[in-house]
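Structure record follows, encoded as structure tokens.
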Amino acid sequence: MLDIRRIREEYESVKAAVESRGQGDFGLADALALDAERRALIAETEQMKSRQNAVSKEIPQIKKAGGDATAVLAEMKELSDKVKEVDAKLAEAEEKLRAALLGIPNTPDASVPVGSDDSENVELRRFGEPTAFGFEPKPHWDIGTDLDILDFERAAKIAGARFTVNKGLGAKLERSVVNFMLNLHTREHGYTEILPPFMVNRAAMTGTGQLPKFEDDMFHVPAKDFFLVPTAEVPLTNLYMDEILDGAMLPHYITAYTPCFRKEAGSAGRDTRGLIRVHQFNKVELVKFAKPEESWDELESLTAAAEEVLKRLALPYRVVALSTGDLGFSSAKTYDIEVWMPSYGRYVEISSCSNFTDYQARRAGIRFRREPGAKPEFVHTLNGSGLAVGRTVAAILENYQQEDGSVSVPEALRHYVGADVIR
RNA sequence: GGAGAAGUAGCGAAGUGGUCGGAACGCGGCGCACUCGAAAUGCGUUUACGGGGUGACUCGUACGUGGGUUCGAAUCCCACCUUCUCCGCCA
């Protein structure tokens with residue numbers, strides 16, 4: 001969430017930044033009014049509490065001296081009732097303000113291209129060229145089905161639409177990609193591997209911004225009020241929820257493999273075939289905690305770490321900067337990495353790397369101390385896919401397919417898969 | 001799932017309705033003294049959030065979390081969370 005003091009003191013510039021997303025002011029004006037109401041109520045109740053505390057100290061002395069406290073007690077009873085009344089109003093105002101703040105997105109960084117949607121995203125760079133074929137290439141769902149390494153029909157039987165079963169070398173390829181990515185990031189990019197719970201509570205989902213606005217997109221487990229993780233960003237970022245970190249440990253890099261669960265509500269009819277849009281997919285996630293002054297450099301190196309996966313797999317890709325209209329709710333700036341997908345005839349998102357500045361940290365209460373004894377400050381949080389595993393497998397199948405229907409295994413994966421070709 | 005115990009500052013731990021809860025006491029940390037230096041010793045110091053004030057400062061809140069009783073709650077009552085012990089179940 002945004003800092004209410006910043007909204008109060010720099011209202012016009014915050015308003016302009018939020019409105020650059022092209023969806024109005026997200027109730028920013030309401031938040032400002034609620035804040036004024038809240039502060040007036042605080043002044044009122046604290047004055048009464050101060051009086052209450054002072055008299056409460058006198059009461060035992062009156063009693064000890066054998067005096068009659070009846071009149072004072074009556075006055076205090078009245079005061080106590082008034083305090084309760086004002087406190088109730090204050091709690092209501094604070095809750096309303098909190099709800100209003102949770103509904104306001106992060107302010108896009110000044111470097112983010114202004115635009116209304118993804119058509120105004122800006123391409124920054126490309127690696128490789130779209131794969132050329134001397135034959136008619138097949139989409140990955142046909143390749144996988146023909147090789148009997150992907151089974152969408154049986155997945156539908158045991159679960160439903162938008163699920164996949166990987167078989168044989170298909171399962172091994174998926175596992176190999178996970179291991180390849182984790183090894184790369186932990187051995188060469190300085191990330192510490194985490195294996196987190198795949199279910200999290202409401203506080204964690206709120207900390208990273210999935211709740212309260214996007215509850216309908218998540219799978220919920222009512223028995224314990226848990227949510228299946230939609231991305232490892234949630235357990236990883238919230239690892240340090242409500243903590244004050246030692247500044248010496250920053251920047252701090254962590255990575256995790258998890259399955260990700262998404263309802264994909266509202267995407268009916270889109271990407272219905274194959275591995276691109278499913279209810280459960282594997283992903284390796286990269287998360288960073290950084291000091292404010294270093295977070296923009298950290299965004300560049302995080303994106304570079306994700307790109308490195310595609311470079312080593314020799315998959316063609318490009319990097320785009322999302323425009324203000326396409327930017328995620330909590331993000332101040334996002335680079336999407338898009339891999340070439342022959343069946344789509346275009347580049348498809350395979351990673352989204354964002355700097356959330358202090359937006360998530362404020363929601364989740366993640367702070368740091370520069371020096372022992374220094375005032376705690378909010379950290380900056382960043383994350384990016386490193387990468388989406390199912391989409392990586394789809395891209396491998398499509399870009400590495402051969403005319404005879406087999407798929408050659410990328411050099412970097414051969415010793416993981418234990419085969420040069422899947423046939 | 002059942003029974004019991006516990007949750008107080010960085011750690012350990014006292015406090016069973018007020019008059020020492022920022023909080024006893026011990027350890028740790030920091031500063032000073034002593035010392036050539038260190039250890040030992042002595043003295044001092046040590047939270048976070050919010051409101052008001054240019055500021056010195058000041059007021060409020062916080063004893064796992066959320067409610068309740070009371071003029072007043074760490075203390076009494078209710079619910080929940082977490083940890084530990086035992087029983088049951090289980091990969």
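Per chain, numbering begins at 1; letters A, B, ... match sequence-line order. Note that the structure is predicted; figures quoted are calculated from it, not measured.
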Self-check item: Nucleotide B/G10, atom P - distance to CG of A/Leu245 in whole Å
Solution: 14 Å
With a 3.5 Å cut-off and sequence neighbours excluded, list the donor-acceptor pairs that the side chains of residues 77-101 of chain A form with protein atoms.
unit_1	atom_1	unit_2	atom_2	d
A/Asp87	OD1	A/Thr45	OG1	2.9
A/Asp87	OD1	A/Lys49	NZ	3.4
A/Asp87	OD2	A/Lys49	NZ	3.2

Quiz item: To the side chain of A/Arg367, which of B/C71, B/U61, B/C49 is closest?
Solution: B/C49
Self-check item: Residue pairs passing the ring-ring contact (aromatic ring centres under 6.0 Å, His included) test where at least one lies in residues 357-393 of chain A, sequence neighbours excluded
Solution: none
Quiz prompt | Selection residues 144-165 of chain A - residue pairs positive for ring-ring contact (aromatic ring centres under 6.0 Å, His included), sequence neighbours left out | solution = A/Phe163-A/His279
Side chains of residues 351-358 of chain A: which donor-acceptor pairs under 3.5 Å do they make with residues two or more places apart or in other chains?
unit_1	atom_1	unit_2	atom_2	d
A/Ser351	OG	A/Ser385	N	3.4
A/Ser351	OG	A/Ser385	O	2.6
A/Ser352	OG	A/Asp336	OD1	2.7
A/Ser354	OG	A/Thr334	OG1	2.7
A/Asn355	OD1	A/Thr357	N	2.8
A/Asn355	ND2	A/Ser295	OG	3.0
A/Thr357	OG1	A/Asn106	ND2	3.1
A/Asp358	OD2	A/Arg362	NH1	3.3
A/Asp358	OD2	A/Arg362	NH2	3.3

Quiz item: Looking at the side chain of A/Lys84, which of B/G72, B/A48, B/C59 is the nearest nucleotide?
Solution: B/G72
Exercise. Starting from C1' on B/U82, measure out to CE on A/Met241 and report it in whole angstrom.
Key: 13 Å
Self-check item: Short N-O contact, A/Lys291 and A/Glu298, less than 4.0 angstrom
Solution: no
Self-check item: Partners meeting ring pair (Phe, Tyr, Trp, His ring centres under 6.0 Å) with A/Phe180 (sequence neighbours left out)
Solution: none
Quiz item: Does a nitrogen or oxygen in the side chain of A/Arg8 sit under 4.0 Å from OP1 or OP2 of B/G51?
Solution: yes
Quiz item: Near RNA chain B, under 4.0 Å by heavy atom, which residues of residues 50-60 of chain A?
Solution: A/Ser50, A/Asn53, A/Ser56, A/Ile59, A/Pro60
Self-check item: Gap in Å between the two C1' atoms, one belonging to B/U47 and one to B/G22, rounded
Solution: 7 Å
Quiz item: Quick one: which of B/C49, B/G60, B/C71 gets closest to the side chain of A/Lys375?
Solution: B/C49
Quiz item: By a strict heavy-atom criterion of less than 4.0 Å, which residues belonging to residues 358-366 of chain A are in contact with RNA chain B?
Solution: none
Practice problem: Can you tell me, in whole Å, how much space there is between the P of B/C30 and that of B/A13? | Solution: 24 Å
Quiz item: Tell me, which pairs form a salt bridge (Lys or Arg N to Asp or Glu O under 4.0 Å) where one or both residues lie in residues 248-267 of chain A, sequence neighbours left out?
Solution: A/Glu264-A/Arg277
Exercise. Output the single nucleotide from B/G50, B/U47, B/C71 whose closest atom is nearest the side chain of A/Ile42.
Key: B/G50
Exercise. Compare side-chain N and O positions of A/Arg5 against OP1 and OP2 of B/G50 and report whether any pair is under 4.0 Å apart.
Key: yes
Practice problem: Using the P atom on both, measure B/A79 against B/G26 and round to a whole Å. | Solution: 40 Å
Exercise. Just jot down the ring pair (Phe, Tyr, Trp, His ring centres under 6.0 Å) partners of A/Phe329, sequence neighbours excluded, or say none.
Key: A/Phe214
Practice problem: Could you list all the salt bridge (Lys or Arg N to Asp or Glu O under 4.0 Å) pairs where at least one residue sits in residues 184-198 of chain A, not counting sequence neighbours? | Solution: A/Glu188-A/Arg312
Exercise. Rounded to the nearest angstrom, tell me the gap between atom CZ in A/Arg39 and atom P in B/G52.
Key: 5 Å
Quiz item: For A/Lys283, what residues pass the salt bridge (Lys or Arg N to Asp or Glu O under 4.0 Å) criterion, not counting sequence neighbours?
Solution: A/Glu285
Quiz prompt | Distance between P atoms of B/A5 and B/G60 (Å, rounded) | solution = 38 Å
Quiz item: With rounding to whole Å, what would you report as the distance between B/G72 and B/G18 at their P atoms?
Solution: 15 Å
Quiz item: Any side-chain donor paired with an acceptor under 3.5 Å for A/Arg363 and A/Ser330?
Solution: no
Quiz prompt | Stems where RNA chain B pairs, listed by first number, each of three or more Watson-Crick or G-U pairs under 3.5 Å | solution = B:1-7 with B:81-87, B:10-12 with B:25-27, B:28-33 with B:41-46, B:47-52 with B:57-62, B:64-68 with B:76-80
Exercise. Return no unless some side-chain N or O of A/Ser80 is found under 4.0 Å from OP1 or OP2 of B/G72.
Key: yes
